[in-house]
Amino acid sequence: MKYKGPLPKRIVGRANACVTALRSSPRWGRLVSRHLTVVTYTGRRSGRTFSTPVGYRRAAGIVTIGVQFPERKTWWRNFLDEGGPLSLHLDGTDRPGHAVARCDEKGRVTVTVRLDA
């Protein structure tokens, strides 16, 4: 049976804290940061600022985020339709950009971020 509800907040919070700690670790930080970044955005409805670690791929000024288990997560929905602004922590600094989320016919979600110059 497939569980489709959101993950419990305490599990998500602990996992995110572990990933964030690994990214800032002197020993593992450079390796982990090649594949994981922190997305910071403002919620469309709440107006609150959120940060969450995500896996990414980067090519020039475009960052692609494949959302794992999108039915269990809600952050990417802030970037549907025309998308919206966010920042990504890349190369030791916060980089602003514009993100657009797309859902394909199989339910896979990809968030494409065009970094500001």
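A pairwise comparison of heavy atoms in Lys73 and Gln68 identifies NZ-O, 2.8 Å as the closest pair. Considering every non-hydrogen atom in both Ser51 and Thr40, the closest pair reads OG-OG1, 2.8 Å. Nearest heavy atoms, Cys103 versus Val109: SG-CG2, 4.0 Å. Of all non-hydrogen atoms in Ala101 and Leu80, the two that sit nearest each other are O-CD2, 3.9 Å. Heavy atoms only, all atoms of each residue included: Gly107 and Pro70 are closest at O-CG, 3.5 Å. The shortest heavy-atom contact between Ile65 and Tyr56 is CG1-CB, 4.2 Å.
Taking 4.5 Å as the limit, every side-chain heavy atom of Arg102 sits out of range of all side-chain heavy atoms of Arg108. At least one side-chain heavy atom of Ile62 sits under 4.5 Å from a side-chain heavy atom of Thr112. Residues Val67 and Arg72 have side chains not in contact (no heavy-atom distance under 4.5 Å, counting atoms from C-beta outward). In this structure the side chain of Leu86 reaches within 4.5 angstrom of the side chain of Val113, judged on heavy atoms. Side chains of Asp94 and Leu88 form no contact here, defined as non-hydrogen atoms less than 4.5 Å apart. Between Leu36 and Pro53 there is no side-chain heavy-atom pair separated by less than 4.5 Å.
Note that OG1 of Thr110 and CH2 of Trp76 are 10.5 Å apart. Values are rounded to the nearest 0.5 Å. Going from atom NE2 of His98 over to atom CD of Glu82 covers 8.0 Å, rounded to the nearest 0.5 Å. With values rounded to the nearest 0.5 angstrom, Thr64 atom OG1 is found 11.5 Å from Arg58 atom CZ.
Screening Leu115, Thr37, Val111 for a side chain to side chain contact (heavy atoms under 4.5 Å, CB included) with Val63, the sole residue that qualifies is Leu115.
Around the CZ atom of Arg44, the shell of radius 6.0 Å holds more than 12 heavy atoms that belong to other residues, nucleotides or ligands. Sparse packing is recorded around CZ of Phe69, with 12 or fewer heavy atoms of other residues, nucleotides or ligands lying under 6.0 Å away.
Between Trp75 and Tyr41, the ring planes lie tilted relative to each other; the angle falls in the 30° to 60° range.
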